[in-house]
Amino acid sequence: MNRRTILATAAGAALLLAGCTGTGGSTKGADAKAPDDPSKVSGTITVLTQRTDLVQDGTMKKYAAEFNRTYPKVKVEFQALTNYESEVKIRMNTENYGDVLMIPGVIKKSDYPRFFASLGTQQERAKKYRFTDFTTVDGKVYGQSPIGVTPGFVYNKRVWKQAGVTHWPTTPAEFLDDLKAIKSKTGATPYYTNFAAQWPLTSWTFVNGSVHCDTQATTKLADGDPWAQGADLRVGDELLYDIVHDGLAEKDPTTTNWEASKAQLAKGKIATQWLGTWAVIQFQDAARGARVNPDDIGFMPFPAQVDGKFCATVGPDYNQAVNVHSAHKEAARAWIDWFTDKSGYDKDNLAVSPLKDAPLPTVLKPYEDAGVKLIELDDSAGAKVKLIDDQSEVGINKPDYRQDLVDLARGAKSGSLDDFLNGLAKKWSAAQKTVGSGS
């Protein structure tokens, strides 16, 4: 797994708080300046990561070894955290939360300067990098994602073709008709919710912006009703409800299995899942492991068009940041810059590069061919949205409300969809009135 709201699931995370040792490095302060001379940068830095899989299989060590070709005097130690958000939240009650870490979702944007060293001004960094506004406070940038991700449906092209579907659906109604064709003409489960794993359900929030190709979609969450008729989140939630209500998902969502679902989709036992570009390589690897064709793994945009064109958002994964208390800010900054610019992590994960001049990954070649418009959402109201979400207790980036939605759709809870969504809207509206205009 590899999404800002997704936690790695492998076991065996190291929980020791490694100290920062070695010679050289910057003193405590508000900025982490880019090194001028790599040969003079030294020290041991601890990098916290949610990618337990890449630590356990040695991939992160390989990145560190390559990093040392440029920075030979910096020793990089990794700590992979299984439940990243909850574990880092506890650590951040102290000053010892690594030298480099991904910014956890629990931290208010306005508090970034308290915990992280500045990487520079947005005005300067935005010339080279995408997503800078997601971590900008008072004109300074406090984090950088090494990859960008695009939400979409991972699907088995062979199964969809077997069902007689030869083009991407352009409306939610057409999408449902296609799933019904898959159910009647193939032996595959048309859609898989991954209900039990919980986190995949949060991916449905990332339809926001795609439905109406609106770069101001986040601002509309802050100032409007996310579940008004025709609003992006309502369109997504209605589609998920209809999929389950119409019997187009697995029979018992409580028994779903994320890891097993990869091979099942690769083999054609499952037809479709809503995830993101980051998942494609994992499903292709599962196909190879199952000795089936990895080219059967496809990726399609949300079924909505504006002026006859699909639209998809591109947003950051976890943003890496430098601990403001680190004794080796220069070495920590060197790691972030190198990992973002030189590591190839984006290519290894078939992800969108954060570098503005980089080409799109091969996984998005079908998007290019189809003329899918890629947009970046304006995140200037992102902090306000998070405050409203926390105050309302709706949890648009948590699994609970969509688990309730799925339970409602399958009859495990009573009530109507309209009442359910209107209830969310009332909570959201009440929180909007109590949250200030800025954060």
Side-chain angles (χ1 to χ4, degrees), residues 1-13 49-66 78 80-82 84 102 145-162 188-189 191-194 196-200 202-203 206 250 256-301 314 317-318 339 343-353 359-367:
M1 291 167 283
N2 188 29
R3 190 59 170 97
R4 179 167 53 89
T5 56
I6 295 169
L7 304 181
T9 57
T49 177
Q50 93 284 19
R51 293 302 302 269
T52 55
D53 54 337
L54 299 187
V55 171
Q56 291 177 347
D57 69 12
T59 298
M60 294 306 294
K61 280 189 177 180
K62 293 179 182 177
Y63 286 130
E66 191 65 27
F78 299 101
L81 307 181
T82 304
Y84 184 85
M102 277 84 63
S145 176
I147 60 173
V149 292
T150 298
F153 288 102
V154 179
Y155 72 108
N156 187 299
K157 293 186 286 187
R158 176 175 52 80
V159 172
W160 277 66
K161 185 176 181 180
Q162 184 182 348
T189 298
Y191 183 82
Y192 199 74
T193 67
N194 261 308
Q198 299 187 355
W199 60 262
T202 66
S203 296
F206 302 119
E250 68 278 354
T256 56
N257 184 299
W258 159 245
E259 290 297 336
S261 76
K262 300 176 190 178
Q264 290 174 338
L265 189 141
K267 293 177 181 178
K269 294 182 179 180
I270 294 170
T272 325
Q273 297 191 49
W274 174 258
L275 294 165
T277 45
W278 59 267
V280 173
I281 193 169
Q282 296 188 33
F283 282 73
Q284 289 178 339
D285 287 344
R288 295 183 185 97
R291 297 183 179 180
V292 295
N293 188 359
D295 291 337
D296 284 341
I297 305 301
F299 193 72
M300 76 171 80
V314 180
D317 192 81
Y318 266 123
F339 197 73
S343 69
Y345 181 74
D346 57 321
K347 297 180 182 65
D348 294 342
N349 288 275
L350 300 180
V352 176
S353 172
L360 290 174
T362 55
V363 68
L364 289 179
K365 182 64 165 59
Y367 275 37

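Counting begins at 1 with the first residue of the sequence.
A pairwise comparison of heavy atoms in Val292 and Ala266 identifies CG2-O, 3.5 Å as the closest pair. In this structure, Ala290 and Lys267 approach most closely via the heavy-atom pair CB-CE, 3.6 Å. Looking at every heavy atom in both residues, Asn257 comes nearest to Glu259 through OD1-N, 3.2 Å. Between Lys157 and Ile297, the shortest heavy-atom distance links the atoms CE-O, 4.0 Å. In plain terms, the two heavy atoms of Asp346 and Ile147 that are nearest each other are CA-CG2, 3.5 Å. Of all heavy-atom pairs between Ser145 and Asp317, the closest is OG-N, 3.0 Å.
Between the OG1 atom of Thr52 and the CG atom of Asp57 there is a distance of 9.5 Å, given to the nearest 0.5 Å. Atoms NZ and OG, from Lys62 and Ser343 in turn, are 14.0 Å apart once rounded to the nearest 0.5 Å. Distance CD/Gln282 to CH2/Trp258: 5.5 Å, rounded to 0.5 Å. Distance OH/Tyr192 to CD/Gln264: 5.5 Å, rounded to 0.5 Å. Put simply, CD on Gln50 and CE on Met102 are 4.0 Å apart, with the number rounded to the nearest 0.5 Å.
Just one residue in the list Tyr318, Tyr63, Phe78 forms a ring pair (Phe, Tyr, Trp, His ring centres under 6.0 Å) with Phe339, and that residue is Tyr63. Tested against Glu250 for a side-chain hydrogen bond (donor to acceptor under 3.5 Å, both in side chains), the candidates Thr189, Asn194, Thr193 yield a single pass: Thr193.
Residue pairs meeting the side chain to side chain donor-acceptor pair (under 3.5 Å) criterion with at least one member in residues 291-300, sequence neighbours excluded: Arg158-Asp296.
Between Leu275 and Phe283 there is a side-chain heavy-atom pair separated by less than 4.5 Å. Using a 4.5 Å heavy-atom threshold, the side chains of Asn156 and Ile270 count as separate. Side-chain atoms of Thr49 and Leu54, non-hydrogen and from C-beta on, never get closer than 4.5 Å to each other. Side-chain atoms of Pro200 and Gln273, non-hydrogen and from C-beta on, never get closer than 4.5 Å to each other. Between Thr272 and Val159, every side-chain heavy-atom pair lies at or beyond the 4.5 Å cut-off.
A donor-acceptor contact shorter than 3.5 Å is absent between the side chain of Thr277 and the backbone of Ala351. Under the 3.5 Å distance criterion, the side-chain polar atoms of Tyr191 are matched with a main-chain donor or acceptor of Trp274.
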Take Thr150 and Leu364 through the test side chain to side chain contact (heavy atoms under 4.5 Å, CB included) and record every step on the way to the result. CA-CA 9 Å; Thr150 298; Leu364 289 179; 4.3 Å; yes

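Taking the six-membered ring for Trp and thresholds of 30 and 60 degrees, Phe299 and Tyr367 have nearly parallel ring planes, at less than 30 degrees apart.
Residues meeting the salt bridge (Lys or Arg N to Asp or Glu O under 4.0 Å) test with Lys365, sequence neighbours left out: Asp369.
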